[in-house]
Amino acid sequence: MTIQHRTVDIEAAAKLWKDDLSASQIAKRFGVSRNVIVGLAFRNRSLFPWRGDAGKKTRAPGQAKTARPRKQAPELKREPEIPATAYDAERLKHAKLLHHLMAGECCWPLNTGGPYLFCAAETTGRYCRNHHARSLPRKYEGKA
């Protein structure tokens with residue numbers, strides 16, 4: 001049996017709704033999906049009164065979730081600051097902002113406060129020859 005959008009079927013579904021049957025139970029009786037009944041109820045709100053939050057689970061009054069204590073984030077280690085050299089001071093005269101750099105210009109930062117300025121010396125890679133050498137880790141020169 002399929003539900004027709006006739007007044008008789010709508011009223012029969014509304015009566016079952018008022019008898020506190022769920023949309024799924026009404027749908028089984030008519031042989032249709034639950035969504036068909038929900039759609040009927042939505043379009044005919046005067047016949048299908050709102051039930052409030054009757055189906056929703058509620059917490060007993062006074063019960064409150066207690067927050068779990070959060071773990072402290074590990075303290076971040078600061079990067080060792082690379083000291084400026086005389087070369088950096090000389091390059092500062094020709095420095096550029098990052099968005100002004102072109103391909104083939106060194107992108108080594110020359111200062112630590114904004115606006116950040118970059119070397120901009122000609123290069124074939126990411127850094128000029130001087131800054132490339134400074135970017136590599138120093139080899140251990142101890143005696144074995």
Side-chain angles (χ1 to χ4, degrees), residues 1-85 87-89 91-142:
M1 175 175 153
T2 60
I3 193 165
Q4 300 292 321
H5 292 288
R6 295 181 299 171
T7 309
V8 177
D9 290 338
I10 294 171
E11 287 174 356
K15 183 182 180 318
L16 295 172
W17 183 271
K18 287 176 186 170
D19 291 343
D20 217 20
L21 267 68
S22 69
S24 297
Q25 292 168 332
I26 298 169
K28 278 184 183 176
R29 293 205 180 173
F30 283 98
V32 294
S33 72
R34 176 188 166 277
N35 286 343
V36 171
I37 302 302
V38 171
L40 268 177
F42 183 75
R43 287 188 298 276
N44 300 290
R45 292 183 187 164
S46 59
L47 297 173
F48 294 81
W50 185 61
R51 294 181 181 169
D53 295 329
K56 292 187 179 179
K57 293 180 182 177
T58 57
R59 234 186 308 168
Q63 283 182 334
K65 278 191 171 180
T66 55
R68 290 187 310 200
R70 288 187 173 184
K71 293 179 183 176
Q72 286 286 15
E75 203 166 308
L76 297 176
K77 296 178 185 174
R78 289 186 60 98
E79 290 275 333
E81 196 164 311
I82 300 171
T85 62
Y87 179 79
D88 290 343
R91 287 303 310 161
L92 205 51
K93 299 173 193 169
H94 308 285
K96 293 182 178 180
L97 295 170
L98 182 62
H99 60 277
H100 288 224
L101 286 178
M102 303 294 245
E105 291 181 330
C106 176
C107 59
W108 183 273
L110 296 175
N111 59 347
T112 55
Y116 293 102
L117 298 172
F118 296 86
C119 175
E122 259 187 64
T123 181
T124 56
R126 187 173 174 91
Y127 300 125
C128 64
R129 179 178 250 159
N130 184 297
H131 289 130
H132 178 73
R134 287 176 59 196
S135 71
L136 300 174
R138 295 189 181 220
K139 292 185 180 180
Y140 178 70
E141 297 175 6

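All values below come from the heavy atoms of this structure, side chains included, with hydrogens, waters and symmetry mates left out. Residues take their numbers from the sequence shown, with the count starting at 1.
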Open item on the list: Taking the ring centre of each residue, are H100 and F118 less than 6.0 Å apart?
Closed with: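 Not under 6.0 Å, so no.
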Task: Short side-chain to backbone donor-acceptor contact, R34 and A23, under 3.5 Å - done: no
Task: Shortest non-hydrogen separation from K96 to L101 and the atoms involved - done: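 Nearest heavy atoms, K96 then L101: CB-CD2, 4.1 Å.
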Task: Contact summary for T123 and E105, nearest pair of heavy atoms - done: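 Smallest interatomic distance, heavy atoms only, reads CG2-C, 3.7 Å.
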Open item on the list: Applying the side-chain contact (heavy atoms from CB on, under 4.5 Å) criterion to F30, which one of L40, V36, L16 satisfies it?
Closed with: L16
Task: pair L97-P115: side-chain heavy atoms closer than 4.5 Å - done: yes
- [ ] For residues Y127 and C119, determine if any side-chain heavy atom of one lies less than 4.5 Å from a side-chain heavy atom of the other.
- [x] no
Spacing of [X] atom [atom1] and [Y] atom [atom2] [to the nearest 0.5 Å]:
X    : Y    : atom1 : atom2 : answer
H94  : L110 : NE2   : CG    : 11.0 Å
L98  : L117 : CG    : CG    : 10.5 Å
R134 : C128 : CZ    : SG    : 9.0 Å
E122 : M102 : CD    : CE    : 12.0 Å
R29  : S24  : CZ    : OG    : 13.0 Å
I10  : I37  : CD1   : CD1   : 10.0 Å

Open item on the list: Can you confirm whether more than 12 heavy atoms, excluding those of H132, are under 6.0 Å from its NE2 atom?
Closed with: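 No, because the 6.0 Å sphere around NE2 of H132 holds 12 heavy atoms or fewer from other groups.
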TODO: For the pair F48 and W17, name the ring-plane relationship: parallel under 30°, tilted 30 to 60°, perpendicular over 60°.
DONE: perpendicular
